[in-house]
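Have a look at the structure below before the remarks.
Values below: every heavy atom of this structure, side chains too, minus hydrogens, waters and symmetry copies. Only a predicted model underlies this, so the values are computations on that prediction, with no experimental measurement involved.
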Number of protein chains: 2
Amino acid sequence: MMEPSEAGRDPEAVSKFVEAFAAQLVEAGMQRMAARVFAALLASDSGTMSSAELGEQLQVSPAAISGAVRYLAQVHMVSREREPGSRRERYRVHSDQWYEALTNRDAILRRWGMTLREGVDSLGAATPGGRRVAETLAFFEYLEGELGLLMERWREHRDRTFRTP
Amino acid sequence: MMEPSEAGRDPEAVSKFVEAFAAQLVEAGMQRMAARVFAALLASDSGTMSSAELGEQLQVSPAAISGAVRYLAQVHMVSREREPGSRRERYRVHSDQWYEALTNRDAILRRWGMTLREGVDSLGAATPGGRRVAETLAFFEYLEGELGLLMERWREHRDRTFRTP
DNA sequence: CCTTAACTTCACAAATTTCTGAAAGAAGCG
DNA sequence: CGCTTCTTTCAGAAATTTGTGAAGTTAAGG
């Protein structure tokens, strides 16, 4: 008989990893449940799980999953797919998609930029405080540009490392 | 008569910037009070403030300042200085020091690395889940190296831009 | 030494966040 | 169409985080 795709894994070891990694994401500022859902998806073999599967592994209600997934989809760390011929939804982490999201904080960086620019104006570009804020602004603008290039290089590096012919 | 160093600034405009920027730091995951203290320091003309000054600008108790500053010092976003001949302490943001801290998350990245490595072992390097986690690990290792280089280039760029002869 | 000015710690109150159960909403399937 | 299966929403309970006042600690200055 064909085994289900997650067979042969020690569920306890998996869970231990999921919780450990999630805890670090939380420390870095992510919502707890979102972090746990994300870690569970990352560790899953197929890279997809249904709401019910997540609920069981994490021992939480469907409502909690729903909220976490909504957030994760918003920040493009997971995508949602409808299983054809079923009202069951599957949530997926694309291995190449998710850390793109980490650096594609374009919208966020742009909002920071706006705030900092207004700060420079309020403080006066010629004052010491204004100059300090202006330098911070310049740093974030620099960062925004460099992160794009960095991700391009990473994709190349990854292809060489993982897709070696 | 010589004006004190912060004169001529519209305190309300300054406060508005401080709170706006702090709010964005909070959204990015920083503790609220730490964010407010940091923003206030960044916007100050001298780049330093005493506990009392911070307490007054932010309308909070000394205890709150104490906790926030402890955290900020721990992550190297501000440094503490003793005023000679006084038990008053000054907190300072070095304009070049603080965003170094942003990228010098070495310790953090290393801890993430450890967790991910254990994850690869638990899941099995040959399983799809294990491979996905391994790729994530590779990404963070790549990131760690690149961030160092990026910061070097930034320092050069900044010197050209801000210290033009 | 004693006083006093500052900073820190701690127990607790307040505010916020997080999760749940229940009910309502969609969408396949007969 | 109505039944059934899943997902979402929402009000509120529970847990966590955050900030305060008061007491404790440290060190300068007499």
Side-chain angles (χ1 to χ4, degrees), chain A residues 15 18-19 21-41 46 48-75 77-93, chain B residues 15 18-19 21-41 46 48-75 77-93:
Chain A
S15 172
V18 166
E19 298 304 333
F21 189 50
Q24 296 188 322
L25 292 171
V26 168
E27 232 179 310
M30 199 185 297
Q31 306 164 4
R32 181 201 316 272
M33 192 55 67
R36 299 216 294 151
V37 166
F38 177 73
L41 277 168
S46 64
T48 77
M49 290 204 230
S50 69
S51 174
E53 290 167 338
L54 286 165
E56 203 205 340
Q57 161 147 19
L58 305 177
Q59 289 295 304
V60 293
S61 71
I65 303 292
S66 175
V69 161
R70 175 157 35 116
Y71 170 79
L72 288 169
Q74 233 164 26
V75 300
M77 290 179 68
V78 312
S79 51
R80 15 185 20 149
E81 312 177 342
R82 227 3 170 317
E83 289 189 337
S86 160
R87 40 243 149 296
R88 181 176 277 156
E89 205 139 15
R90 320 216 91 236
Y91 308 110
R92 154 167 278 134
V93 54
Chain B
S15 171
V18 166
E19 298 304 332
F21 189 50
Q24 295 188 324
L25 292 172
V26 168
E27 231 178 313
M30 198 185 298
Q31 306 164 3
R32 183 204 315 274
M33 192 55 68
R36 298 216 295 152
V37 166
F38 178 73
L41 277 168
S46 65
T48 77
M49 292 204 227
S50 68
S51 174
E53 289 167 338
L54 286 165
E56 203 206 340
Q57 160 148 20
L58 305 177
Q59 289 296 303
V60 292
S61 72
I65 302 292
S66 174
V69 160
R70 173 157 37 115
Y71 169 78
L72 289 169
Q74 233 164 24
V75 300
M77 289 180 68
V78 312
S79 51
R80 12 185 22 147
E81 309 177 345
R82 225 9 171 309
E83 289 189 338
S86 159
R87 40 237 151 299
R88 181 175 276 155
E89 207 140 15
R90 319 217 91 236
Y91 308 111
R92 152 166 280 134
V93 54

(Q) Go nucleotide by nucleotide along DNA chain D from the 5' end; which of Arg32(A) and Ala64(B) gets its closest nucleotide reached first? (A) Arg32(A)
**Q.** Given DNA chain D, 5'-ward residue of the pair Gly67(A) and Arg88(A), judged by closest heavy atom
**A.** Arg88(A)
[X] side chain near [N] phosphate (N/O to OP1/OP2, under 4.0 Å):
X        : N       : answer
Arg70(A) : dT7(D)  : no
Ser66(A) : dT7(D)  : no
Arg80(A) : dT8(D)  : yes
Ser51(A) : dT7(D)  : yes
Arg82(B) : dT26(D) : no

Using whole Å, report how far [atom1] of [X] lies from [atom2] of [N].
X        : N       : atom1 : atom2 : answer
Glu89(B) : dT26(D) : CD    : C1'   : 11 Å
Met33(A) : dT16(C) : CE    : C1'   : 17 Å
Arg87(A) : dA27(C) : CZ    : P     : 12 Å
Leu58(A) : dT18(C) : CG    : P     : 16 Å
Arg90(A) : dT7(D)  : CZ    : P     : 10 Å
Glu81(B) : dA6(C)  : CD    : P     : 17 Å
Met30(B) : dT18(D) : CE    : P     : 12 Å

Q. From dT18(C), dG21(C), dT8(D), pick the nucleotide closest to the side chain of Gln31(A)?
A.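 Of the options given, the side chain of Gln31(A) lies nearest dT18(C).
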Q | Residues, nucleotides or ligands: over 12 heavy atoms within 6.0 Å of Glu19(B) CD | A | yes
Q.
Pick the closest DNA chain C nucleotide for Ile65(B) and for Arg36(A) by heavy atoms, then say which residue is nearer the 5' end.
A. Ile65(B)
Q) At what distance, to the nearest 0.5 angstrom, does OG of Ser66(A) lie from CZ of Arg70(A)? A)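 Between atom OG of Ser66(A) and atom CZ of Arg70(A) there are 6.0 Å.
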Q) Going by heavy atoms in the side chains, are Val69(B) and Glu89(B) under 4.5 Å from each other? A) no
Q: Using a 4.5 Å cut-off on heavy atoms from C-beta on, say whether the side chain of Leu72(A) contacts that of Val93(A).
A: no
(Q) Whether the Thr48(B) and Arg90(B) side chains hold a donor-acceptor pair (N or O, under 3.5 Å, no angle test) is what I'd like checked. (A)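 Checked: Thr48(B)/Arg90(B) side chains pair up, N/O donor to acceptor below 3.5 Å.
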